[in-house]
Asker: 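Would you mind keeping the following structure in view while I ask a few things?
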Amino acid sequence: MDEHQPEPGVAGPATNADLSTLTITLLKGVIYREGDERLWGALLNLQERVRDYVSVLGLDLVLDEAEGYAFLKSRPAQADDDVAPRLPRLVARRPLSFPVSLLLALLRKKLAEFDAGGGDTRMVLTRDDIVERVRVFLPDSSNEAKLIDQIEAHINKVVDLGFLRRLKASSGSKSSPASFEVRRTLKAFVDAQWLADFDARLAAYQAHLAGVASDAGSADDE
């Protein structure tokens with residue numbers, strides 16, 4: 001047997017092909033350890049080369065080995081960017097509506113509470129769980145079905161953003177409510193400062209709603 005041949009079950013050295021595959025995959029989205037153990041191992045071995053390569057494109061590699069995910073983000077503007085040519089953005093910014101921002105904040109807080117309790121690393125919520133968390137912050141509606149449809153639209157947007165993963169119903173339980181896994185990349189997107197800023201906006205929003213309700217009540221009294 002060739003002494004340089006890798007033993008069964010032992011990954012061989014990372015190659016330039018791995019580097020190309022990693023870069024292309026990262027440009028398409030998030031790499032999760034659970035999704036492809038071999039690709040994740042290659043990323044750990046080649047992460048410095050990946051960082052150097054994507055830096056040419058104005059991108060940074062965000063890799064959380066403990067949580068098991070990696071993705072690319074646009075590099076923050078530097079003080080000398082005014083004299084350097086501005087590169088086109090490869091990772092587009094997506095403006096978020098208030099309800100979607102609200103949902104992300106609520107999911108992030110729930111994830112922090114979940115982690116503090118220890119135990120399982122996967123947090124799964126049903127559609128009903130998510131609807132109940134969001135609806136208390138939204139204006140009252142006489143049309144319950146319409147309100148739930150709106151919240152489901154916001155949930156679908158968060159799924160599209162990659163922060164929720166829709167789980168397949170287990171066999172024999174197709175009538176059970178839809179379930180979603182909260183992806184741990186949310187921790188990188190919603191940090192403590194983002195939450196603090198959003199809490200201030202939420203307090204102002206709730207005060208506005210209370211004022212609207214009070215004005216409506218006064219009008220009814222008249």
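The first residue in the sequence is number 1, and the count goes up from there. No experiment lies behind these values; they were computed from the predicted model shown.
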Asker: Does any non-hydrogen side-chain atom of Ile155 lie less than 4.5 Å from one of Gln150?
Answerer: no
Asker: Please answer whether the main-chain N or O of Val190 pairs with a side-chain N or O of Arg108 as donor and acceptor at a distance below 3.5 Å.
Answerer: yes
Asker: How far apart are the closest heavy atoms of Leu43 and Ala70, and which atoms are they?
Answerer: CD2-CB, 3.4 Å
Asker: Heavy-atom distance under 4.5 Å between the side chains of Phe163 and Val182, does that happen here?
Answerer: no
Asker: So which atom in Arg127 and which in Ile148 form the shortest heavy-atom distance, rounded to 0.1 Å?
Answerer: NH1-CG2, 4.0 Å
Asker: Hey, does Glu67 have a side-chain heavy atom less than 4.5 Å from the side chain of Lys187?
Answerer: yes
Asker: May I ask you to say whether Asp60 pairs ionically with Lys73, meaning some side-chain N is under 4.0 Å from a carboxylate O?
Answerer: no
Asker: If I take atom NZ from residue Lys109 and atom CG from residue Leu104, how far apart are they, to the nearest 0.5 angstrom?
Answerer: 13.0 Å
Asker: Could you tell me the separation between the CG atom of Asp129 and the CE atom of Met123, rounded to the nearest 0.5 Å?
Answerer: 9.5 Å
Asker: Looking only at heavy atoms, what is the nearest atom pair of Thr23 and Val54, with distance?
Answerer: CG2-CG1, 4.3 Å
Asker: With rounding to the nearest 0.5 Å, note down the distance linking CD in Gln47 to CG in Asp52.
Answerer: 11.0 Å
Asker: Between Trp40 and Leu44, is a side chain to side chain contact (heavy atoms under 4.5 Å, CB included) present by the stated rule, with each step listed?
Answerer: CA-CA 6 Å; Trp40 180 257; Leu44 295 183; 3.6 Å; yes
Asker: Transitive ILVMFWY cluster of Tyr69 at side-chain heavy atoms under 4.5 Å: who else is in it?
Answerer: Val30, Tyr32, Val62, Phe71
Asker: Please, which pairs that meet ring-ring contact (aromatic ring centres under 6.0 Å, His included) have at least one residue in residues 95-123, sequence neighbours excluded?
Answerer: Phe98-Phe198, Phe98-Tyr205
Asker: Find out whether Arg183 and Leu164 are in side-chain contact, i.e. whether some heavy atom of one side chain is under 4.5 Å from a heavy atom of the other.
Answerer: no
Asker: Contact between Asn143 and Leu147 at the side-chain level, heavy atoms closer than 4.5 Å - yes or no?
Answerer: no
Asker: Indicate the atoms forming the closest heavy-atom contact of Ala66 with Arg33, along with that distance.
Answerer: O-NH2, 3.5 Å
Asker: Can you tell me how far the CG atom of Leu59 sits from the CG atom of Leu27, to the nearest 0.5 Å?
Answerer: 6.5 Å
Asker: Short question: side chain of Asp160, backbone of Lys157 - any donor-acceptor pair under 3.5 Å?
Answerer: no
Asker: Quick one: do Arg135 and Glu152 make a salt bridge, cutoff under 4.0 Å?
Answerer: no
Asker: Remaining members of Val124's ILVMFWY cluster at a side-chain heavy-atom cut-off under 4.5 Å?
Answerer: Leu167
Asker: Output the distance between atom CG (Leu103) and atom OG (Ser97), rounded to the nearest 0.5 Å.
Answerer: 9.5 Å
Asker: Applying the 4.5 Å side-chain criterion to the ILVMFWY set and letting contacts propagate, would Ile24 and Ile31 be lumped into a single cluster?
Answerer: no
Asker: Any side-chain heavy atom of Arg166 within less than 4.5 Å of one from Asn156?
Answerer: yes
Asker: Identify whether the distance between the nearest side-chain nitrogen and carboxylate oxygen of Arg49 and Asp18 falls below 4.0 Å.
Answerer: no
Asker: How about Phe180 and Leu125: do any of their side-chain heavy atoms sit closer than 4.5 Å?
Answerer: no
Asker: Enter the distance from Leu39:CG to Leu26:CG here, rounded to the nearest 0.5 Å.
Answerer: 7.5 Å
Asker: Are any non-hydrogen side-chain atoms of Leu96 and Leu161 less than 4.5 angstrom apart?
Answerer: yes
Asker: Can any side-chain N or O of Arg133 pair as donor or acceptor with the backbone N or O of Leu107 at less than 3.5 Å?
Answerer: no
